[in-house]
2 protein chains.
Amino acid sequence: MKKMKREKLEAAGWAVGSVKEFLGLSEADTVLIEMKLALSRSLRDRRKKYGLSQVQLAERLHSSQSRVAKMEAGDPSVSMDLLVSSLLLLGASSADLADAIRGREKKTGPRAA
Amino acid sequence: MKKMKREKLEAAGWAVGSVKEFLGLSEADTVLIEMKLALSRSLRDRRKKYGLSQVQLAERLHSSQSRVAKMEAGDPSVSMDLLVSSLLLLGASSADLADAIRGREKKTGPRAA
DNA sequence: TGACTATATGTCTTATCTGACATATAGTTC
DNA sequence: GAACTATATGTCAGATAAGACATATAGTCA
């Protein structure tokens, strides 16, 4: 397993605080978390691309601003189903999701910071 | 929206029984269901590839045979998180998942019926 | 500084998902 | 047809995620 991911995961609020807990994370757990983080980033990018605030997106999703914030923050309480269906409602295609999951952030134009 | 998917979805137990309900399914709903069905097929393929029974896979996943059956059947009670983490535990990579989601069933060798 | 907008965090209640169990339905082999 | 193995289906208690609300923390502009 690749090391030095701990801080990144901790930053997103995942329970990987202690070294022991970190070592307890299986490869599968790690990959799953990374996939969700990739989808989170993708959601934020897409929201900004359409110039929506979190509140506006929440309305579209029939959800709340706090949940949108958690989605984008990669909060552990957010499921992959929610991330994916939100992305789909923002017009993402299966191919877009596949790209995100694969770890290939699509660099769309000058915005791609 | 592409038509003539109803029977396929009904077969998997999704609540798309009436025409009205079917029309009520948004494009996003449909795509999400299709993605999950693709992951289901992928899970079954992978299990068989390793020559495991549903019971044996359930043990690996710390789950039950019935849940494995539901995962493979594309049952609506199965989340994408569960499908994905199961696939990861069976050795799938992000790229494998991306391929499945994109709708590209990997034809691995002669088995690929 | 105060007002305003956007985003983040904490915590509730309710809804949905999970694993487990029982049971049903093939498919084999004897 | 009985016995056996594999898979499917129905149900339920307990676990997890959902939306909602309050509140906190930027950031901007007057």
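Just so we're on the same page: letters track the sequence lines, and every chain starts at 1.
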Asker: Got a sec? Which of residues 53-63 of chain A come in under 4.0 Å of DNA chain C, heavy atoms?
Answerer: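 A:S53, A:Q54 - these, ordered by number, are the residues of the stretch whose heavy atoms sit under 4.0 Å from the strand.
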Asker: Mind checking what makes side chain to side chain contact (heavy atoms under 4.5 Å, CB included) contact with A:S85, not counting sequence neighbours?
Answerer: B:L32
Asker: On a heavy-atom basis, which atom in B:L90 and which in B:R47 lie closest, and how many Å separate them?
Answerer: CD1-N, 4.0 Å
Asker: Looking at B:G91 and B:D96, what are the two nearest heavy atoms and their distance?
Answerer: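 Closest pair (atom of B:G91, atom of B:D96, distance): O-OD2, 4.3 Å.
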Asker: So which atom in A:S40 and which in A:G74 form the shortest heavy-atom distance, rounded to 0.1 Å?
Answerer: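 Distance-wise, the nearest heavy atoms are OG-CA, 3.5 Å.
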Asker: Of the non-hydrogen atoms in A:V31 and B:S94, which two are nearest, and what is the gap between them?
Answerer: CG1-OG, 3.6 Å
Asker: Write down the distance between CE (A:M71) and P (D:dA17), rounded to a whole number of angstrom.
Answerer: 14 Å
Asker: Any side-chain to backbone donor/acceptor pair from B:D81 onto A:M80? Under 3.5 Å, distance only.
Answerer: yes
Asker: Can you tell me the distance, in whole Å, between the CG atom of A:L82 and the P atom of D:dT16?
Answerer: 18 Å
Asker: For the backbone of B:V78 and the side chain of B:K36, can you confirm whether one donor and one acceptor N or O come within less than 3.5 Å of each other?
Answerer: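 Between the backbone of B:V78 and the side chain of B:K36 there is a qualifying donor-acceptor contact (under 3.5 Å).
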Asker: Check B:L39 against B:A100 and note the closest heavy-atom contact, atom names and distance.
Answerer: CD2-CB, 4.2 Å
Asker: What's the angle between the local helix axes at either end of the helix from C:dT1-D:dA30 to C:dC30-D:dG1, using five pairs per end and rounding to 10 degrees?
Answerer: 30°
Asker: Could you list the donor-acceptor pairs under 3.5 angstrom formed between side-chain atoms of residues 59-71 of chain B and any protein atom two or more places apart in sequence or on another chain?
Answerer:
from: B:S64; atom 1: OG; to: B:S66; atom 2: OG; distance (Å): 3.4
from: B:Q65; atom 1: NE2; to: B:Q54; atom 2: OE1; distance (Å): 2.9

Asker: Counting side-chain heavy atoms from CB outward, which of D:dA17, D:dA20, D:dT11 is closest to A:S79?
Answerer: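 Out of D:dA17, D:dA20, D:dT11, the nucleotide with an atom closest to A:S79's side chain is D:dA17.
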Asker: What are the bounds, 5' to 3', of the part of DNA chain C that sits under 4.0 Å from heavy atoms of chain B?
Answerer: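 So the outermost contacting nucleotides come out as C:dC17 to C:dC21.
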Asker: Classify B:V68 by what it touches in the nucleic acid, base, sugar-phosphate, or nothing, heavy-atom distance under 4.0 Å.
Answerer: nothing
